[in-house]
Amino acid sequence: MIALLVVTVSAVLMALIGNGDSDQQSPVAVPATAESARADAARSAFPGGDEVPVILVVTRTDGGVLSPADRDAAEQARTRMAAATGSGPAGPPLQVSADGQAAVAAVALPAELSGFALSDEVTAARTAARAGLPDALTAAVTGGPAFGADIADSFSGANVTLLIVTAAVVALLLIVTYRSPVLWLVPLLVIAFADRVAAVVGAAVADGVGMSPDGSTAGITSVLVFGAGTNYALLLISRYREELGRNQDHGTALDTAVRRAGPAIVASNATVVLALLTLVFAVSPSTRSLGVQAASGLVVAAVFVLLVLPPLLGLFGRRLFWPFIPRLGAPALTDSGVWHRVAAAVSRRPAPVAAVSIGALALLCTGILNTPVGLSQTEQFRVQAESVDGYTTLSAHFPSGLTDPTRVIASSGLADRVSRAITDTRGVVSVTPAGTAPDGLSQWSVVLAAAPASDEAFDTIDALRGAVHDVDPNGLVGGSDATARDAAAAAAHDRAVVIPAILAVVLLVLYVLLRSALAPLVLVAVTVLSALAALGIGGWASVHLFGFPGLDNTAPLFAFLFLVALGVDYTIFLVTRAREETPGHGTREGIVRAVSATGAVISSAGIVLAAVFCVLGVLPLIVLTQVGIIVGLGILLDTFLVRTVIIPALFTLIGPRIWWPAALDRPAGGRHRAARGAARPNA
């Protein structure tokens, strides 16, 4: 009945709220309070300030000099673009490069366009530019609106592809895990439906609290729901299978499994949700939106696994596991199997195992030191984009910054002093007055010498802002380079604020769950080391193996968040089982039995989650591919090294003190005392 109610309410919510178009929106990297954003807002008061230019660049296919006829054809292309976009025939004249090999012209679009509307306008401009263009010429449309349209277009249908590939990967891995032609369908259908509900609810919640959901946040949320939801289902079904070996009645076995696995799932879900909500302390709009959207989605995933999945499992009983149906009296996972042998081997020599494993992680961390962070606007795409191609052509034939100038806005009463301050700034090539506004402000168009979004461009922006603010404290410096500078600063702020908040949340949840003074500190320290190791090897692979220019500004924060929060998932699965086993078997034998019981489910869940994150590579932005690489590698490190080797070794080394002040490791009988006596040298 509860499951039916959850499904009904979810269907009603999906019908009432609808999907919306947030997944087609471009990521927003800077907050409205950033100077570049305020400069963009102030420009609306200037003549033409409510418009933004798209730039047509025309070259010969053979790379030769443009003839007079070619220039006429380029001018006609500009006229067709203006007519198609409704901007009219007026506009700046066609410019030809000094080498005579390229011509550029600008056509204005309304500044408020975004999403589908922006994409439609840019598509119309590109179609018009090419219509009737001689075969000897090639045209590309670039500029700020074109970049925005290409990002929106690249997500058009991409999230559907992501969903299909993710579902296929999860289905394949569930089939391999369960070796059943039927069982895999039940969790997959539940999680797939939960993902669609989460997509609607998450975007609605983010919109409702004033966030900015976009294509990237929608894609990451879907991956998290599938990955975490599958993990919860694997844990529940694994415990159900185990209980079927102890109980004749499958209903009793299922109730016991839910009762035993439920608290670990709730604790795991609460940890990840609270960690995601720390993103509200960020200043980057897309980052803040991801926190709210993904947290809402994971709550939906946990509700479906705990309330919808169990009744479906109970509906089919033992037959669901065919052909490998669990039999009553089957050997317990805690006493046999490959993971039992691994854990027992670790417990016999915990000190060298811990030293070698931790040393290996520390070595991987060094990859962070040589990994550059920061991508320019033209380096955001993993796939070919016309805006990037056009911008590259412009850079090859025109002075850097000519077609995308920096904008300075200041008081008209200080115009002469501001103009001199701009001119005297190192790295400025030229400055041109660009009009005045009725509210007493003037605008200048400033060309910088540095390459776009480079360190030199950022230094020039900082120097320019300092010079302008010395003359007019209310002056504003905006434009693409200024926006990139503010985005880098916002990302640095977010890392400095959110990462400590994530660690504090995880530590607090572990203290509440384990009620131990030492265990949470040990677990968080190992998890952080593993996350840094994944950043090291993932960053190195992104640059040196996959050939990306560097890590995106937001990639380290997103990767660290997912690695710590999801890594603690497995820690909770393992340690809650160890806490359950310790009173009857002692600390050393308890952790061995915990690894034996959870090793299979943790390894299966880890492989599923790593594969699901790697699926982010189907999306077109480099940042999402990088997050997928880093998190995928990190989850595998967590699964096969941290949870099954390092933590058991450390628990064995520390012994009963790991649970202090709780006295879990007390003799419960002669068998326990004998086990503790045999383990005393190492426990």
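Keep in mind it's a predicted model, so treat the numbers as computed, not measured.
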Identify each donor-acceptor pair in which a side-chain atom of residues 413-425 lies under 3.5 Å from a protein atom, sequence neighbours left out, and give them as a table.
residue, atom, partner, partner atom, Å
Thr423, OG1, Ser419, O, 2.9
Thr425, OG1, Ala421, O, 2.8

Please tabulate, for the side chains in residues 429-448, all donor-acceptor contacts under 3.5 angstrom to protein atoms that are two or more places apart in sequence or on a different chain.
residue, atom, partner, partner atom, Å
Ser442, OG, Ser412, OG, 2.7
Gln443, OE1, Arg43, NE, 2.9
Gln443, NE2, Ala434, O, 3.4

Under 3.5 Å, which donor-acceptor pairs do the side chains of residues 473-482 form with other protein atoms, sequence neighbours left out?
residue, atom, partner, partner atom, Å
Ser480, OG, Asp404, OD1, 3.3
Ser480, OG, Asp404, OD2, 2.7
Asp481, OD1, Ala453, N, 2.8

Please tabulate, one pair per line, all N/O donor-acceptor pairs under 3.5 Å involving side-chain atoms of residues 544-560, not counting sequence neighbours.
residue, atom, partner, partner atom, Å
Asp552, OD2, Thr554, N, 3.0
Asp552, OD2, Thr554, OG1, 2.7

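Contacts of Val388 classified as side chain to side chain contact (heavy atoms under 4.5 Å, CB included), with partners at least two apart in sequence or in another chain: Phe147, Thr378, Phe381, Ala385, Thr392. Residues meeting the salt bridge (Lys or Arg N to Asp or Glu O under 4.0 Å) test with Arg130, sequence neighbours left out: Glu386. Applying the salt bridge (Lys or Arg N to Asp or Glu O under 4.0 Å) test to Asp494 and every residue at least two apart in sequence or in another chain returns nothing. Listed by chain and residue number, Asp70 satisfy the side chain to side chain donor-acceptor pair (under 3.5 Å) test with Ser67 (two or more places apart in sequence, or in another chain). Residues passing the salt bridge (Lys or Arg N to Asp or Glu O under 4.0 Å) test with Asp462, sequence neighbours excluded: Arg485. Glu456 pairs by the salt bridge (Lys or Arg N to Asp or Glu O under 4.0 Å) definition with nothing, not counting sequence neighbours.
Side-chain N or O atoms of Arg78 include none that pairs as donor or acceptor with a backbone N or O of Val107 at under 3.5 Å. No donor-acceptor distance shorter than 3.5 angstrom exists from the side chain of Ser44 to the backbone of Asp40, with no hydrogens or angles considered. Put simply, the side chain of Arg80 gets close to the backbone of Ala128: a donor and an acceptor are under 3.5 Å apart.
A side chain to side chain donor-acceptor pair (under 3.5 Å) check over residues 101-110, counting only residues at least two apart or in different chains, returns nothing. Residue pairs meeting the side chain to side chain donor-acceptor pair (under 3.5 Å) criterion with at least one partner in residues 556-566, sequence neighbours excluded, do not occur; the list is empty.
A salt bridge does not link Asp470 to Arg465: none of the charged nitrogens lies less than 4.0 Å from a carboxylate oxygen.
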Pair Ser387, Asp150 - check side chain to side chain donor-acceptor pair (under 3.5 Å), show working. CA-CA 7 Å; Ser387 54; Asp150 284 345; 2.6 Å; yes
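The side-chain heavy atoms of Leu503 and Val564, taken from C-beta on, include a pair separated by under 4.5 Å. Residues Leu118 and Pro145 are in side-chain contact: their nearest non-hydrogen atoms beyond the backbone lie under 4.5 Å apart. Ile55 places none of its side-chain heavy atoms less than 4.5 Å from the side chain of Tyr391. Inter-residue side-chain proximity for Leu394 and Val104 is flagged as met; some heavy-atom pair is nearer than 4.5 Å.
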